[in-house]
Chemist: 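Pasting a structure below so you can have a look.
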Amino acid sequence: MVRVDGNGTSQSLIQVRNLGKTYRRGGEDIHVLQELNLDVDKGDFVAFMGPSGSGKTTLLNLLGGLDVPTRGTVTVAGDEITHMSAGKLTAWRARHVGFIFQMYNLIPVLTAFQNVELPLLLTSLSKAERRKHVETALAVVGLGERMNHYPRQLSGGQEQRVAIARAIVADPTFLLCDEPTGDLDRKSADEIMELITRLVREYGKTVLMVTHDPVVARRADITLHLEKGVLVEAREPHSIAAEV
Amino acid sequence: MAIPVIYNLRSVKARWTSAVVAVLGIAGTVGVFVAMLSLARGFRATLVSSGSADNAIVMRGGATTEMMSFITVESVKILQDAPGVAHGDSGPLITSEAVAVAPFPLKSTGTDANVQVRGVSANVLTIRKNVKLIQGRMFQPGLTELVVGKNASSSYAGLTVGNTVDFGGGHWHVVGVFDAGGSAFDSEVWCDARVLDDVYKRPPNLFQSATVHLDSANSYQQFKDNVTSDPRLNVDVSREVDYYAKQSTAMTRLITILGGLVAFVMGIGAVFGALNTMYSAVAERGREIATMRALGFGGPSVVVSFLIEAFLISFIGGALGCLAVLPLNGLTTGAMNWQTFSHLAFAFRITPGLLIGGMIFSLIMGFVGGLPPAMRAAWRPVAVALREL
């Protein structure tokens with residue numbers, strides 16, 4: 001169950017308390033996030049919406065340990081990440097977070113297989129085990145036959161599928177999607193959202209997604225709006241099944 | 001685990017035009033570095049190979065070169081009876097030597113260059129066993145005849161068998177050519193020491209050095225102790241090989257310092273080339289680096305990854321530089337030997353150690369050129385890097 005009032009239980013997978021982020025530009029403090037609270041349970045699918053500059057990506061970066069807050073805490077699966085050292089945070093990201101970016105962010109000189117294998121290089125899996133995991137992840141996203149293709153040999157939708165396979169291959173605690181369909185046509189966007197929805201429904205993944213697209217946001221269990229630095233529930237949680 | 005090396009290999013391949021600039025800069029620097037040092041090595045090797053471990057050279061006490069020394073025939077006679085001196089069919093194996101410098105025109109330029117003329121004893125070939133006559137015959141004692149080293153014969157006009165040359169007021173016949181195994185003697189002209197003294201109007205029976213062939217290399221200390229403690233003699237004794245090694249020191253140091261200076265200046269340019277290449281690599285691949293760091297690769301992994309790339313570029317540059325100068329190995333050139341004021345022919349000597357030194361130099365340039373960009377890539381805030389894409 002997703003809550004934004006700060007009254008969630010300690011059992012929540014993700015707990016955000018009084019989170020604040022302030023940037024300083026041109027001698028002026030810009031308070032992007034202010035006293036933000038959020039509770040997300042395992043298996044939740046949350047969409048964040050809001051106008052440009054509202055702090056959606058900043059929030060995602062803070063949740064993913066890519067940035068540090070000015071104040072407040074983020075706790076994931078019992079680990080309070082806001083005070084971790086850079087080294088520990090890097091290791092934590094490798095273990096707990098799967099990133100899906102708008103521009104896919106695949107490494108152009110590596111094949112689809114090698115791109116998906118990257119997160120596994122940070123684990124103790126053997127080469128054979130890594131191969132098995134990569135093949136499984138690529139099969140899940142429907143690209144088992146394209147594992148030796150380079151990103152330039154794939155369409156945008158296929159590149160994003162590879163990126164999704166890379167995000168799930170190490171079985172992270174949750175997925176962070178930053179405009180995952182922002183660079184795709186409607187048909188490809190629908191396919192990608194179908195895939196992400198399937199990851200939530202069939203594989204029980206927890207997904208937090210930033211989007212500008214209301215159609216895409218409707219796929220989520222709940223859509224939260226960022227307004228003046230705090231999260232506001234846009235609508236009642238809805239069933240994924242009812243939307244699909 | 002580190003970022004896979006295949007990423008670096010393919011990244012270099014994908015951006016080969018930029019990498020080529022750095023590779024060529026490093027190759028040029030390493031080439032000059034190796035070539036200059038091979039010149040110094042060749043010069044030194046040529047002089048060192050002139051000496052033999054079982055020969056001792058005797059000069060006046062305090063003299064550092066033959067040009068500054070003199071030794072009387074009486075002293076030579078005392079040396080003949082010293083312990084440790086080897087004997088041949090015709091008696092003690094000692095060659096009393098006088099040296100002079102004579103100008104001969106270089107075949108290559110037509111200009112005169114000084115050649116060392118060495119007056120020796122007739123038994124010199126039994127003392128310097130690395131010297132072999134390869135053409136003609138040995139000079140006859142008492143006659144103005146010359147045998148010339150093979151480099152001297154090939155470098156100077158007129159020093160061929162059957163020719164006659166004039167120098168020192170004498171009229172000399174070239175009767176033979178000898179091969180001294182690539183040593184400094186190959187650049188010399190030899191004649192009878194007494195005739196040389198006579199032609200140059202020096203006091204009779206005065207030489208500049210005596211080279212003694214010892215029973216064995218182990219006899220050196222006994223011989224030296226004996227002659228240096230003999231009150232009738234005022235001489236210094238050196239192993240012949242040490243004497244020539246010492247002779248090479250000044251020139252070798254000069255070439256090494258000059259070569260090092262040139263290589264250092266070029267190295268600065270090459271490092272800037274590598275810096276430019278690696279900084280542009282970091283700038284162009286900001287997204288890739290930020291993504292890998294988001295995936296969980298740490299700053300040290302990124303540093304190592306970019307250093308591997310810099311090392312790869314510098315290794316290729318180093319290898320190319322070494323390969324480019326390899327044909328110089330054995331190529332004969334010449335320079336003034338300031339110890340004898342004569343022209344000395346010697347060959348570039350590119351040794352495995354020198355090539356390893358060149359490769360290490362290239363890797364140092366890669367490290368210096370690769371580290372700052374690698375650090376920049378590794379410690380740039382990931383969120384900032386992702387936002388600026």
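Reminder, nothing fancy here: chain letters follow the sequence lines and each chain counts from 1.
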Chemist: Side chain, backbone, both or neither: which part of B/Ala294 has an atom under 4.5 Å from a heavy atom of chain A?
Modeler: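 Both backbone and side chain.
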Chemist: If you count the non-hydrogen atoms of other residues, nucleotides and ligands that lie under 6.0 Å from OH in A/Tyr150, is the total more than 12?
Modeler: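 Count over threshold, so yes.
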Chemist: Measure distances from A/Glu117 to the heavy atoms of chain B and classify the residue's part below 4.5 Å as side chain, backbone, both or neither.
Modeler: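 Interface part for A/Glu117: neither.
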Chemist: Can you tell me which of A/Pro108, A/Gly87, A/Gly65 forms the most heavy-atom pairs within a distance under 4.5 Å of chain B?
Modeler: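 Result: the option with the highest number of such pairs is A/Pro108.
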Chemist: Is it the case that more than 12 heavy atoms not belonging to B/Met375 sit under 6.0 Å from its CE atom?
Modeler: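 At most 12 heavy atoms, drawn from other residues, nucleotides or ligands, come within 6.0 Å of this atom.
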Chemist: Kindly give the heavy-atom pair with the smallest separation between B/Arg10 and A/Thr111, and that separation in Å.
Modeler: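 Distance-wise, the nearest heavy atoms are NH1-N, 4.1 Å.
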Chemist: Contact part of A/Tyr23 toward chain B, heavy-atom cut-off under 4.5 Å: side chain, backbone, both or neither?
Modeler: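 Contact with chain B is through the side chain of A/Tyr23 alone.
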Chemist: Taking atom CZ of A/Arg17 as the centre, report whether more than 12 heavy atoms of other residues, nucleotides or ligands fall under 6.0 Å from it.
Modeler: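 Yes, the 6.0 Å shell around CZ holds more than 12 heavy atoms from other groups.
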Chemist: Is it the case that the side chain of A/Arg93 and the backbone of B/Gly296 share a donor-acceptor pair, with hydrogens and angles ignored and the cut-off at 3.5 Å?
Modeler: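 No.
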Chemist: Could you walk me through whether B/Arg293 and A/Thr90 pass the side-chain contact (heavy atoms from CB on, under 4.5 Å) check?
Modeler: CA-CA 7 Å; B/Arg293 292 188 57 205; A/Thr90 301; 5.8 Å; no
Chemist: Counting heavy atoms not belonging to A/His133, are there more than 12 under 6.0 Å from its NE2?
Modeler: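 No.
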Chemist: Output, in order, the C-alpha distance, side-chain angles, deciding distance and verdict of side-chain contact (heavy atoms from CB on, under 4.5 Å) for A/Tyr104 and B/Arg287.
Modeler: CA-CA 10 Å; A/Tyr104 334 127; B/Arg287 171 186 298 194; over 6 Å; no
Chemist: Would you give the length of the straight line joining atom CD1 of A/Ile107 to atom CE of B/Met292, rounded to the nearest 0.5 angstrom?
Modeler: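 It is 4.5 Å, given to the nearest 0.5 Å.
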Chemist: Against chain B, label A/Arg95 side chain, backbone, both or neither, depending on which of its atoms sit under 4.5 Å from a heavy atom there.
Modeler: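 Contact with chain B is absent: no heavy atom of A/Arg95 under 4.5 Å.
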Chemist: Tell me whether B/Phe367 at atom CZ has more than 12 heavy atoms from other residues, nucleotides or ligands lying less than 6.0 Å away.
Modeler: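 No.
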Chemist: Provide the closest heavy-atom pair for A/Leu110 versus B/Tyr7 in the form atom of the first, atom of the second, distance.
Modeler: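 What the structure gives for the nearest pair is CD2-CA, 4.0 Å.
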Chemist: Let me see the working for B/Leu386 and A/Asp178 under side-chain contact (heavy atoms from CB on, under 4.5 Å), right down to the final yes or no.
Modeler: CA-CA 11 Å; B/Leu386 285 170; A/Asp178 191 358; over 6 Å; no
Chemist: Is B/Arg253 atom CZ crowded by more than 12 heavy atoms from other residues, nucleotides or ligands, each under 6.0 Å away?
Modeler: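 Counting other residues, nucleotides and ligands, CZ of B/Arg253 stays at 12 neighbours or fewer.
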Chemist: Under 4.5 Å between any side-chain heavy atoms of A/Leu66 and B/Pro381, yes or no?
Modeler: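 A side-chain contact is absent here, since even the closest heavy-atom pair is not under 4.5 Å.
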Chemist: How long is the straight-line distance from CZ of B/Phe297 back to CG of A/Leu122, given to the nearest 0.5 Å?
Modeler: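 The distance works out to 4.0 Å.
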Chemist: Decide if atom OH of B/Tyr279 counts as having more than 12 heavy atoms of other residues, nucleotides or ligands within a radius under 6.0 Å.
Modeler: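 Enclosed: over 12 neighbouring heavy atoms sit under 6.0 Å from OH of B/Tyr279.
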Chemist: Please give me the minimum heavy-atom distance between B/Leu295 and A/Arg166, naming the atom from each residue.
Modeler: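 Scanning both residues completely, I find the closest heavy atoms to be CD1-CD, 3.8 Å.
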